[in-house]
*Asks:* 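Structure incoming, see below.
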Amino acid sequence: MTENVRVRFAPSPTGPLHIGGVRTALFNYLFAKKHNGTFVLRIEDTDQTRYVANAEQYIIDSLEWCNIPFDEGPGKNEKFGPYRQSERKDLYKKYADQLIETGWAYYAFDTAEELDAHRKDHEEKGKTFIYNWHNRLKLNNSLALSADEVAAKISAGEKFVIRFKTPQDETLILQDEIRGTIKVETNTLDDKVLFKSDGMPTYHLANIVDDHLMEISHVIRGEEWLPSLPLHELLYRAFDWKAPKFAHLPLILKPVGKGKLSKRDGDKLGFPVFPLEYTNEQTGDVSRGYKEDGYFADAFINMLAFLGWNPGTEQEIFSLEELTEAFDLARVSKSGAKFSPDKTKWFNQQYLQQKSNEKLTALFLPILEEKGISTDKYQVEKVVSLIKERATFVADFWELSSFFFENPSEYDAKAVKKQWKDTTSELMQELVEVISKIEDFSIENTQKEIKGWITSKEIGFGKVMQPLRLSLVGKLAGPDLFDIMTMIGKEATITRIQNAINKLL
């Protein structure tokens, strides 16, 4: 690709960033980095009625946590700034006026009440009201009024919007990098509002003007914007500008049922749909985030990449660098991608196994400190090495390893009933005597001495090893018993066996 690749992620600051938005940002980032291009963040805040004060910072923080930071954007390398549409509003009117002058747009003075009356009238006749070629000459606009009437209305301060004049009787042949050729009849399109009566542009005008002025080469966005493609292509034609290449990503679908993934699905099924925890400043409601739920950012990104894209191989675990190298719009699916909470956990588990024991220990130590446990870092690192293969999150470590740091206070009732027989206490008392005589308490020697004793008694290993595990752990779980014994030490081993004997007599 020889052209200068510039892509943008253009969210609206109306609340927390949904993972669908994060995936759009990710695919833009991967495409830009694959082609040595630029990833731009633009804040599309033209809808001031839905603006949320802390949403922009949330978007930036989310991209940073995901390790897909923007190259240009608010406060960063502002080559084409400003990057907030609210700070660019003065320039949009000029372009709207240009479309009026060239005959591609017109003033519309229809009031909300008038338009509502037209809609109701159409409904009563079993029709749908569309403001376009078939009725625009009958409505309250500059196409139907004389120049003097239009001038008088504007001079009198009468409110108006500026609508795009969609061509009549034309078949548009549109190209999408993912979906191929798309044909649209212009007679089915409405004359969209480009400039609102409050002096702000609509998304459509601001989007096109900004993409052109910021020299965006590829627009990679969600499938929900596909219906806007005909208008956007026509706007580029109207301005006589070269259009960028378009690619519309598939929807992320619910894990159960049909439709687009929503926050409600996450609340219902118990998983986050936002990258970071988000607090609604108006209601105080807190929405869960992947970061706070214990997911690694690289696992989260790896999972998102596979929602609608695949590398064409069996490989599933990709670093960000590997994703960049492998990413290709040609391998993005047209159909929706079903979100799987279980697969998301699987990705996190895979990444946890790949993390060094040292890194995982650094994450586990604060959890131990919260529980008032002070212990040697290297001891914790050894514990982590023994338990991490059974963990999905670092938060699982305590449940998997608490017995390394404190004596069990209770014993699994089902396990006790099954494994602690009438003769078990007597047998475990004998084991205490055997252990007390072991001087070299290394794994190898302890194992040799205890297994030798069991063999000499001519009894099954389960009769000793299962009650021993119950004594040390409190349940029939955990890593190798001799690892546990040498980790907690001889004295603690004897104490725990004696506690079990006393409690389970």
Side-chain angles (χ1 to χ4, degrees), residues 353 357-358 360-361 364-365 367-368 371-391 396-505:
Q353 307 312 319
N357 295 332
E358 187 178 2
L360 294 173
T361 296
F364 188 30
L365 281 170
I367 296 174
L368 292 174
K371 295 184 178 297
I373 293 169
S374 178
T375 187
D376 181 74
K377 183 177 78 170
Y378 299 103
Q379 181 87 347
V380 177
E381 201 169 307
K382 173 67 174 170
V383 169
V384 167
S385 73
L386 294 172
I387 62 165
K388 73 175 188 178
E389 68 179 24
R390 289 183 293 282
D396 298 335
F397 284 3
W398 173 249
E399 186 177 347
L400 292 169
S401 70
S402 60
F403 52 84
F404 280 110
F405 306 104
E406 57 185 22
N407 295 342
S409 57
E410 54 187 38
Y411 303 89
D412 182 81
K414 287 184 180 178
V416 169
K417 187 175 181 180
K418 187 175 181 182
Q419 301 295 340
W420 204 277
K421 307 298 182 183
D422 292 341
T423 58
T424 300
S425 293
E426 185 179 338
L427 197 58
M428 298 309 287
Q429 194 64 59
E430 283 187 51
L431 178 58
V432 167
E433 293 171 17
V434 172
I435 292 172
S436 64
K437 292 175 184 175
I438 299 175
E439 293 186 7
D440 173 10
F441 211 66
S442 64
I443 291 176
E444 296 79 9
N445 189 59
T446 304
Q447 184 170 306
K448 181 183 128 188
E449 293 286 344
I450 291 177
K451 286 187 174 180
W453 169 71
I454 294 171
T455 302
S456 71
K457 288 191 71 68
E458 298 183 347
I459 56 174
F461 275 77
K463 286 191 175 182
V464 174
M465 301 304 280
Q466 297 290 57
L468 175 57
R469 183 173 292 280
L470 258 177
S471 302
L472 301 183
V473 179
K475 54 189 175 183
L476 300 179
D480 185 86
L481 267 180
F482 296 102
D483 280 322
I484 298 173
M485 291 170 68
T486 53
M487 284 283 292
I488 66 175
K490 178 177 172 178
E491 186 178 329
T493 298
I494 291 172
T495 298
R496 291 189 187 189
I497 298 171
Q498 202 65 63
N499 286 346
I501 293 169
N502 295 338
K503 207 162 188 180
L504 303 176
L505 271 172

*Asks:* Just verifying a value: how many Å separate N445 CG and T486 OG1, rounded to the nearest 0.5 Å?
*Replies:*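 If I round to the nearest 0.5 Å, the distance is 11.5 Å.
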*Asks:* Test of understanding: with ring pair (Phe, Tyr, Trp, His ring centres under 6.0 Å), list the residues that count as partners of F404, not counting sequence neighbours.
*Replies:* none
*Asks:* Return the set of residues passing side chain to side chain contact (heavy atoms under 4.5 Å, CB included) with Q498 (not counting sequence neighbours), or none when no residue passes.
*Replies:*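 Only Q429, V432, I501, N502 meet the side chain to side chain contact (heavy atoms under 4.5 Å, CB included) criterion with Q498.
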*Asks:* What distance do I373 atom CD1 and S402 atom OG have between them, rounded to the nearest 0.5 Å?
*Replies:*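 So the CD1 of I373 and the OG of S402 are separated by 8.0 Å.
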*Asks:* Is any side-chain heavy atom of L468 closer than 4.5 Å to one of M428?
*Replies:* yes
*Asks:* Determine the minimum heavy-atom distance between S401 and F364, stating which atoms define it.
*Replies:*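 Here S401 and F364 meet closest at OG-CZ, 3.4 Å.
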*Asks:* With a 4.5 Å heavy-atom cut-off, do P479 and R390 have their side chains touching?
*Replies:*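 The answer is yes, as the side chains (C-beta and beyond) meet within the 4.5 Å cut-off.
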*Asks:* For a quick test of reading the model, state the closest non-hydrogen atom pair linking S471 to R496 and the distance between them.
*Replies:* O-CB, 3.6 Å
*Asks:* Could you give the distance from CD1 (I435) to CD1 (I450), rounded to the nearest 0.5 Å?
*Replies:*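 Answer for the CD1-CD1 pair, I435 versus I450, is 4.5 Å.
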*Asks:* When you measure from the side chain of Q379 to the backbone N and O of M487, does any donor-acceptor pair fall under 3.5 Å?
*Replies:* yes
*Asks:* Inspect the surroundings of OH in Y378 and state if more than 12 heavy atoms from other residues, nucleotides or ligands are less than 6.0 Å away.
*Replies:*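 Not more than 12 within 6.0 Å, no.
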*Asks:* Scan for salt bridge (charged side-chain N to carboxylate O under 4.0 Å, His left out) pairs involving residues 467-488, sequence neighbours excluded, and state none if there are none.
*Replies:* none
*Asks:* Decide yes or no for K388 and F397: does some side-chain heavy atom of the first lie under 4.5 Å from some side-chain heavy atom of the second?
*Replies:*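 Yes, close enough: below the 4.5 Å cut-off.
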*Asks:* Side chains of V380 and F405: does their closest heavy-atom pair fall under 4.5 Å?
*Replies:* yes
*Asks:* At what distance, to the nearest 0.5 angstrom, does CE of M485 lie from CD of Q447?
*Replies:*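 Going from CE on M485 over to CD on Q447, the span is 10.0 Å.
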*Asks:* Show me the pairs that pass salt bridge (charged side-chain N to carboxylate O under 4.0 Å, His left out) and involve residues 405-430, at least two apart or across chains.
*Replies:* E430-K457
*Asks:* Are any of the side-chain heavy atoms of L504 and T424 separated by less than 4.5 Å?
*Replies:*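 Heavy-atom side-chain distance check fails, nothing below 4.5 Å.
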*Asks:* Residues two or more places apart in sequence or in another chain: which of them pass side-chain hydrogen bond (donor to acceptor under 3.5 Å, both in side chains) with S425?
*Replies:* W420
*Asks:* With side chains defined as the heavy atoms from C-beta onward, is the minimum distance between I459 and L427 less than 4.5 Å?
*Replies:* yes
*Asks:* Closer than 3.5 angstrom, by distance alone: can the side chain of K490 be matched with the main-chain N or O of S436 as a donor-acceptor pair?
*Replies:*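 Side chain of K490 to backbone of S436: a pair is present.
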*Asks:* Any side-chain heavy atom of K451 within less than 4.5 Å of one from F482?
*Replies:*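 The answer is yes, as the side chains (C-beta and beyond) meet within the 4.5 Å cut-off.
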*Asks:* Measure across Q419 and L470 and return the closest heavy-atom pair with its distance rounded to 0.1 Å.
*Replies:* CB-CD1, 4.2 Å
*Asks:* Do the non-hydrogen side-chain atoms of F403 and I484 ever get within less than 4.5 Å of each other?
*Replies:* yes
*Asks:* Taking only residues two or more places apart in sequence, or in another chain, which ones meet S442 in a side-chain hydrogen bond (donor to acceptor under 3.5 Å, both in side chains)?
*Replies:* D440
*Asks:* When rounded to the nearest 0.5 angstrom, what is the spacing between CD in E381 and CG in L365?
*Replies:*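 Output value for this atom pair is 9.5 Å.
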*Asks:* Nearest 0.5 Å, please: how far is CH2 in W398 from CG in L368?
*Replies:*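 L368 atom CG to W398 atom CH2 measures 6.5 Å (nearest 0.5 Å).
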